[in-house]
Amino acid sequence: MASNEEGPSVEPTPPVQVIYCQVCSFPVEYCEFGSSLTRCKEWLQKTNQQLYDKYYSEEALQAKIGTLSLEAQEKLEKDTAKKEAKAEAKAETALKKKMASTVTIKRIERNKRKHVTSIHGLENFDVDLKKAAKFFAQKFATGASVTKNPQGLDEIVVQGDVSGEIVEMIEDGVGLLKNVPKDNVVEVEEKSKKKGGD
C-alpha cells in the first residue's frame, strides 16, 4: 500500500542579485579593496541609498571597525588615502602620455607611381589596429595590414596613397578614429631612394 504523504516542501533558494560598482567594477561590498573607495561611495550613495547605508552608514562602519584598535583604524584610513592618490596619479600620467602621443601618417613612395600609406600611433588612443586595418581595407577597397615598422612598433600599412583621406577621416572623427585628436596627427612623406645608375 503506497502512502500519499510527502515530506515538507522545500522552497528553492532565489539567486543572489549582485550589484556591481560603476566606478571600480567590483561588487559593491568589495569596493573597499579597490583604489577608488571615495568615488565608489559617492556613486553608491547617489544610486542606491539603501545599500550605501548597509555598508557605509555610521552604524555599519562602527560595527566593522569596532573590532580594530585605534592604530589599525588610522593605518587603514592612511592606506586607503594612499591607494586613491596613487590610482589618481597613475590615471593622470596615462592621460598626459596619451595627449602627448602623435599619430604619424606616412606616404611612402615604392617606385615612380606606386605608394603605400603607413599609420603609426593609433594604439595610443585605444584604437584596435587589426579592426582599423580591416576598416581601411573596406573603406579604400585595397589591402591593409598590421606590420612591425623598423623600430619594432606596430603600424598599419595601406596599399595606395590614401594619407589625405585618412587625415580627413581623423578630423571628422569617423568610426574607430573618433577618439584621435586631430592636433596629434603628423603627416610625413618618404621618397624612395634612387639607385645609382638611374
Side-chain angles (χ1 to χ4, degrees), residues 20-27 30-31 33-40 42-43 79-198:
Y20 291 94
C21 176
Q22 295 298 304
V23 177
C24 68
S25 76
F26 290 168
Y30 294 106
C31 286
F33 300 108
S35 57
S36 51
L37 181 60
T38 306
R39 288 187 299 140
C40 295
E42 287 169 4
W43 171 82
D79 287 351
T80 302
K82 219 185 246 184
K83 258 191 202 175
E84 287 181 2
K86 199 173 181 180
E88 282 176 23
K90 190 176 177 182
E92 198 173 306
T93 305
L95 183 66
K96 280 182 185 172
K97 184 181 175 188
K98 186 180 198 177
M99 295 321 290
S101 300
T102 57
V103 174
T104 307
I105 299 173
K106 195 184 290 184
R107 178 179 182 257
I108 304 167
E109 189 178 292
R110 286 286 187 231
N111 59 34
K112 285 181 184 154
R113 284 185 301 218
K114 294 200 178 180
H115 294 85
V116 293
T117 304
S118 77
I119 306 104
H120 167 69
L122 287 176
E123 68 281 356
N124 296 326
F125 299 97
D126 305 321
V127 175
D128 183 320
L129 295 184
K130 287 184 179 175
K131 286 182 182 174
K134 189 174 180 182
F135 175 69
F136 291 139
Q138 289 172 343
K139 173 80 177 159
F140 302 117
T142 186
S145 61
V146 179
T147 59
K148 295 252 185 242
N149 65 13
Q151 292 80 30
L153 303 168
D154 285 338
E155 68 179 7
I156 299 172
V157 176
V158 183
Q159 299 302 314
D161 177 12
V162 292
S163 56
E165 289 93 325
I166 291 173
V167 171
E168 282 177 27
M169 289 166 72
I170 290 172
E171 287 172 353
D172 297 342
V174 175
L176 297 162
L177 307 173
K178 66 178 177 281
N179 294 329
V180 181
K182 60 185 176 191
D183 298 337
N184 292 41
V185 176
V186 178
E187 271 189 278
V188 179
E189 184 156 351
E190 190 177 288
K191 300 256 186 207
S192 65
K193 292 170 181 64
K194 300 257 193 238
K195 293 184 173 73
D198 270 354

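Computation of the quantities below employed the complete heavy-atom set of this structure, encompassing side-chain atoms and omitting hydrogens, waters and symmetry-equivalent molecules.
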Quiz: residues 139-146 side-chain donor-acceptor pairs under 3.5 angstrom, not counting sequence neighbours:
| from | atom 1 | to | atom 2 | distance (Å) |
| --- | --- | --- | --- | --- |
| T142 | OG1 | Q159 | O | 3.2 |

Measuring from atom [atom1] of [X] to atom [atom2] of [Y], what distance do you get when rounded to the nearest 0.5 angstrom?
X    : Y    : atom1 : atom2 : result
I156 : N149 : CD1   : CG    : 12.0 Å
K130 : D154 : NZ    : CG    : 9.0 Å
E42  : L37  : CD    : CG    : 10.0 Å
K148 : E155 : NZ    : CD    : 10.5 Å

| message | If I compare all heavy atoms of F26 with all of F33, which pair ends up nearest, and what's the gap? | response |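 Closest pair (atom of F26, atom of F33, distance): CE1-C, 4.0 Å.
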| query | Which heavy-atom pair separates A132 from V127 by the least distance, and what is that distance? | reply |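 Where A132 meets V127 most closely, the heavy atoms are CB-CG1, 3.8 Å.
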| field | Non-neighbouring partners of D161 that pass salt bridge (charged side-chain N to carboxylate O under 4.0 Å, His left out), sequence neighbours left out | value |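 R107.
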| task | Identify which one of I105, L122, V185 satisfies the side-chain contact (heavy atoms from CB on, under 4.5 Å) criterion when paired with I166. | result |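 Only match with I166 under side-chain contact (heavy atoms from CB on, under 4.5 Å): I105.
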| message | If we check side-chain contact (heavy atoms from CB on, under 4.5 Å) with S163, which of these qualifies: T117, I108, I119? | response |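 Single side-chain contact (heavy atoms from CB on, under 4.5 Å) partner of S163 among T117, I108, I119: T117.
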| Residues K134, Q138; criterion side chain to side chain contact (heavy atoms under 4.5 Å, CB included); working and verdict | CA-CA 6 Å; K134 189 174 180 182; Q138 289 172 343; 3.9 Å; yes
| query | Any sub-3.5 Å donor-acceptor pair from S25's side-chain atoms to Y20's backbone N or O? | reply |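 Looks like no, no N/O pair under 3.5 Å.
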